[in-house]
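Only one structure is covered here, and it is reproduced in the block below.
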Amino acid sequence: MKTEADNMVAPTGEQAPNTRKSRSQWAEVWRRLRRNRMAMLGLVIILIIFFTAIFAEVIAPYDYRTQNLMRVADPPSREHLLGTDDLGRDILSRIIFGARVSLQVGFVAVSISLIVGGTLGALAGYYGGNLDNVVMRFMDVLLAIPSILLAIAIVSAFGGGLINVMIAVGIATIPVYARIVKASVISIKEQEFVEAARAVGARDSRIIIKHILPNSLAPIIVQGTLGVAIAILSAAGLSFIGLGIEPPTPEWGAMLSSGRHLIRRAPHVATFPGIAIMITIFALNLLGDGLRDALDPRLKQ
Amino acid sequence: MHKYILRRLLLLIPVMFGVSFVVFTIMFFTPGDPAKILLGERAPEAEVQALRTQMGLDDPYLVQFGRFIFNALRGDLGRSLTTRRPAAQELWARFPATLQLAAAGVLVAVLMGIPIGIISATKQYSLFDGFSMVLALIGVSMPNFWQGIMMVLLFSIVLRWFPSSGYGTFRHLIMPALTIGTSSAATITRMTRSSMLEVVRQDYIRTARAKGLSERVVINRHALKNALIPIVTVIGLQFGYLLGGAVLTETIFSWPGVGRLMVDAIRQRDYTVVQGGVLLLALTFSIVNLLVDILYAYIDPRIKAQYK
Amino acid sequence: MSETLLDIRDLRVTYQTEEGLVLAVDNLNLTLKKGETLGLVGETGAGKTTTALAVMQLVPNPPGTVESGEIWFNGENLLKKKNEEMRTVRGNQISMIFQDPMTSLNPVLTVGFQIEEAVMLHQKLTSKQAERQARDMLKLVGIPEGRAGDYPHEFSGGMRQRVGIAIALSCNPSLLIADEPTTALDVTIQAQVLDLMRRLRSEFGTSMILITHDLGVVAEVCDTVAIMYAGTVVETSDTRRLFTEPRHPYTQGLFGSIPSLDEEVTRLSPITGIMPDPTELPSGCRFHPRCPMAAEICSQRTPTMVPVEEGHNVHCMIYEGLVEAKKE
Amino acid sequence: MDQNTTTPLLEVRNLKKFFNTKQGLLKAVNNVSFEVKQGETLGIVGESGCGKSTTGRAILRLVEPTAGEVIFEGEDITAFRPDRVRAFRRDAQIIFQDPFASLDPRMSISEIIREPFEIFKLYSRNEQLERVQELMKLVGLSTKLTNSFPHELDGGRRQRVGVARALALDPKFIVCDEPVSALDVSIQAQILNLIQDLQDRLKLTYVFISHDLSVVRHISDRVAVMYLGKIVEITSYHNIFTNPQHPYTQALLSAIPIPKVDAKRERIILEGDVPSPVNPPRGCIFSGRCPFVMDKCREAPPALTETADGHFVACYLVNDTAEEPES
């Protein structure tokens, strides 16, 4: 092969030089996401919550354990911006520390279901056949149990606590990720560029890692973001019925639950943790929706 | 069509077998001795052991599972560890209340979600669209147990419109149904909107417009039925979500359903009832999904054709 | 027979996209006489479909806008019509056949009903009468009438396109716009469908605009041809003259690009370069960056229409005498 | 062209590829035999579902043949173990139909063309990049596009990237699977010229698959016509137009609109659709639509036999005794 082939055909692209800067698809996605104001609002809120969770000790005005039995269920005041709870603890501080728990539960639970469900789904989608059958029938079984019930069953059997809650919530949503990853892998697997990789001699491992996974990430990222929201809600729900995080660890759902009995006398005790949950979930949903739009290639047209 | 229904019914058997297996296994490895729970912590060891033998708790795992399945098929889910009454009886007594609540929730969700979603889609980017989309997003972000408490605060304590708890009349149903249905309504609104927007982009909608049909006919006759196909599936899934959500909602409103029974049972470590409850709700969910699939085939002739 | 049915003047349609404003159709002029079949030829992005949708007033908005121009149909400017008035034209006086028969029929309605509803709407028939007519239309396009109750997925691509034709002709329109009606079909099926269209057109006396990229189809079906490039018409003529003596360099390039079935040509002489970016169309003559005869003036001035013969018009400065035609 | 004296580079014998589908066994390729000589282009033409693409993929073992032999340079590649198949990829490549789907959207042009080098661990990193530039020039791509992504290019330039990738390993043989079908006429002509020029320069052998008989005839030395999983006729590019023997070939030819105003031809319009390959007719596969069908055609399939020098036809009108052996 020689290079005098240059003149063989006039190189196309010369007369229409690419004036735009070349952007990878991820750069393109980020550019679209940045233009979506709602999604950016969501992202900023989440970053703020992350920040408060990490620096809770610095930010929180009080220790979350400090009880003050003289000031039980006090309404919001200058010393206690969001009031105090049934044991006289500062609600604001507990919400700030609670962010830690919620974010941890959300992200760890999603990681668990993503790793387990994602791997199962990817294998089922790529190899099909009997493996697919066995995996997906098992997923059908798990899907038949409403996920919060499954989480309740697991936690009621093995006990509450941060770790168990994360595992329970994670396991309960495994089938969701298995299905999404499988569908995504199958749709990518059918694409011609996968066959093209095989045609130039790529092995299965390379095809899965270099071609299929990067291209099937879009729906997984969206589901993952929304999944964190769902996991946080589920964990809060578990704590609410007394199955989740154990005191004195501040957890939003548990705080809400303890405020429930004070609803007539001190409604703020139940109100503020609920608002905290809602803002977090709202922000995650905003970001998830924005990601969905940014990752949807059809919107490019 | 009958073949399709039969096939789906047959598929239910292995799924329910699997569900029983999962639930039984979780409960089997639960720390805590049912015999001891039944007799109380201070019961003499010999008595506990005798009861263990009588209940077959010393048998191997698979034997116990086989017995569980065998009994469950006859409608026997074991005895409640607290009341000593048959768990099936206890659950069955509470079941209508849960079904009522979930059905009311679905009704709220469908009646709110589908119309709002359609209007939003046909008036994309309008004020109505923007407003309802923000509301829907808040709807999916609100924890329903919190929403329930807030509703009690507003409508029972402040406004005194509805009773804060209880069961029996329509007035009792309103707040629990709204609580449990809100997030599903929001989900269905969002789904309906995006599904409609997707369908409206299709070529056959252009064909319909090219015939000179009015926009109303194009939407009602051509777009809606196609858009409903994925929504029907979502409604089915939401029903499962509502059955799960019943556990929380029933607790807030003291609603005498399976959910509250289960929460009480968990507190008293009454695993037989928990196990039976999960099984019962999963079975309900599976049957609802079966009905949804059949409905699906009626809406979409392409599915029906596969099973002619 | 020389009465003008459709007259498009200075049409301009734009699409607002993320990349910028796309001039889909610009400065487009086109006439169609009664009883005639006009072939609208061009490559992807030439603006053929947009022109058709503009006539139907179905340009999706947003992102599309018909910015200016006039579309005279039977002595009325369609662009001045209200939406409700336009609905009595669509599917009745002007109807359209779409490219992809797999997606352009509604999957959840029977094909019989999809024909009936147009008939019921425009001809004020009872549903019994409409059903009868739908069955007759099916027979006419070669589908057994007993299949009226079947759904689109039960038909092959060619059969679905026949259904599309039945829908379009059901109200006996005076103008039929067929947008690449056979592109998605196999050759032998294409032959069936073209044959059917030719037969029905003469039976119904319908005038037709046939959008295609296939010059072979044009040679077989059309009386006159308009060649489009980058949103505008570059050459119009009756079919015979265009095929024997193409004048515009783009038209000549198109002919040089087609592999011949009946002649042995060892090497094609394609047009160099690529289609221009629709958000950054070249100045002057749109074709000048790819034109082998382009001179300096071609990038500075928009060519005007020059009649080279009776009924044969070219938008090229060679024929305005401003550029010298190079001998190849 | 003295093709008869050269030895075949590729010999396909009784190739079959069946798929299990819900409706039943789909015989996508059913007993196909042909050979391709060193340096020639064999065109395979047929309508959708005739099995032409599956044939192209089966001879590269991109799909596993159900039965038959594919002999490449004297060795049966259907017997190759996976590592031998990978080595075979250096000799035999493919250019795909859809330039929008055949390039990984997350990889840059350079990464796409370089991938074969990485897989076979060829060259140092710098040499790889140099080779990429060479290949880009060879296929007529501006090297400014090295770091661009597929979505930034038009169909024609993407297809050039696909060609460059296929050439990267210096193959002897390339299957071109509808390489121009997705392109506009003016771009199609550019790519056809490119494919022809590359053959001359690099002494390549092609199997060129297309549904467009004009394109196939233009580029091929010999043309095979496929219908419903079988080859019904093989002959030279010249004969296929001047002397088509099989009724299907004749119908196919007459169905193609010729861009000339005075092209007066007899038109054969076939009735009905192509039958499903799950349930092909007994006897001759074309018997259901053939205008000249005889009783015999409905009973046993005719064999592909040589009627004149290098002209093979499977039709009882041409050879009334040759039945296909039971297989």
Side-chain angles (χ1 to χ4, degrees), chain B residues 1 4 114 118 120-126 129-130 192-193 195-233 293-308, chain C residues 49 52-53 55-60 62 83-111 113-123 149-155 160 163-164 167-168 170-171 173 176-179 184:
Chain B
M1 230 13 232
Y4 175 69
I114 293 182
I118 292 170
S120 267
T122 50
K123 300 190 159 72
Q124 199 187 359
Y125 304 129
S126 67
D129 181 33
T192 306
R193 178 178 181 267
S195 174
M196 278 297 280
L197 288 175
E198 174 75 37
V199 165
V200 165
R201 274 206 291 252
Q202 300 297 313
D203 284 356
Y204 53 80
I205 295 300
R206 191 171 62 176
T207 308
R209 290 196 175 121
K211 285 179 195 169
L213 297 172
S214 69
E215 203 51 29
R216 196 175 47 84
V217 175
V218 170
I219 295 296
N220 291 345
R221 195 188 283 164
H222 286 265
L224 197 53
K225 207 173 167 196
N226 283 290
L228 275 180
I229 293 170
I231 297 169
V232 166
T233 314
D293 279 358
I294 293 168
L295 183 64
Y296 197 84
Y298 271 104
I299 297 182
D300 189 346
R302 287 163 294 191
I303 307 265
K304 203 174 357 185
Q306 281 176 22
Y307 296 94
K308 256 194 181 150
Chain C
T49 301
L53 291 178
V55 173
M56 296 291 284
Q57 290 211 31
L58 285 177
V59 174
N83 207 358
E84 303 89 77
E85 295 172 321
M86 200 53 215
R87 280 209 299 272
T88 64
V89 175
R90 279 203 287 266
N92 190 20
Q93 293 164 28
I94 309 178
S95 55
M96 193 158 170
I97 304 172
F98 297 97
Q99 171 168 3
D100 189 349
M102 302 319 252
T103 58
S104 48
L105 296 177
N106 193 326
V108 300
L109 299 175
T110 64
V111 298
F113 181 78
Q114 296 191 50
I115 304 172
E116 270 166 53
E117 65 173 350
V119 179
M120 270 190 327
L121 179 71
H122 296 297
Q123 305 194 338
D150 287 355
Y151 291 92
H153 70 267
E154 296 167 275
F155 293 85
R160 289 190 211 188
V163 174
I167 292 174
S170 60
C171 295
L176 174 65
I177 303 176
D179 185 4

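Letters go in sequence order (proteins before strands), and every chain restarts at 1.
- Residue contact with chain B, scored on non-hydrogen atoms closer than 4.5 Å, is absent for I177(C).
- Looking at K211(B), its side chain does come within 3.5 Å of a backbone N or O of Q114(C) through a donor-acceptor pair.
- Residue contact with chain B, scored on non-hydrogen atoms closer than 4.5 Å, involves the side chain of L109(C) exclusively.
- Summarising the geometry of G212(B) relative to L121(C), their closest heavy-atom pair is O-CD2, 3.3 Å, with the distance given to 0.1 Å.
- Contact count against chain B (heavy-atom pairs under 4.5 Å) is highest for P107(C) among S95(C), P107(C), G164(C), G91(C).
- The closest donor-acceptor contact from the side chain of D300(B) to the backbone of Y296(B) lies at 3.5 Å or more, if one exists at all.
- Interface residue L53(C): only side-chain heavy atoms are found under 4.5 Å from chain B.
- Heavy-atom pairs under 4.5 Å with chain B peak, among N83(C), T103(C), N106(C), I94(C), at N106(C).
- Taking all atoms of both residues into account, the shortest heavy-atom contact from V108(C) to I299(B) is CG1-O, 3.8 Å.
- Residue pairs meeting the salt bridge (Lys or Arg N to Asp or Glu O under 4.0 Å) criterion with at least one member in residues 213-232 of chain B, sequence neighbours excluded: R209(B)-E215(B), R221(B)-E117(C).
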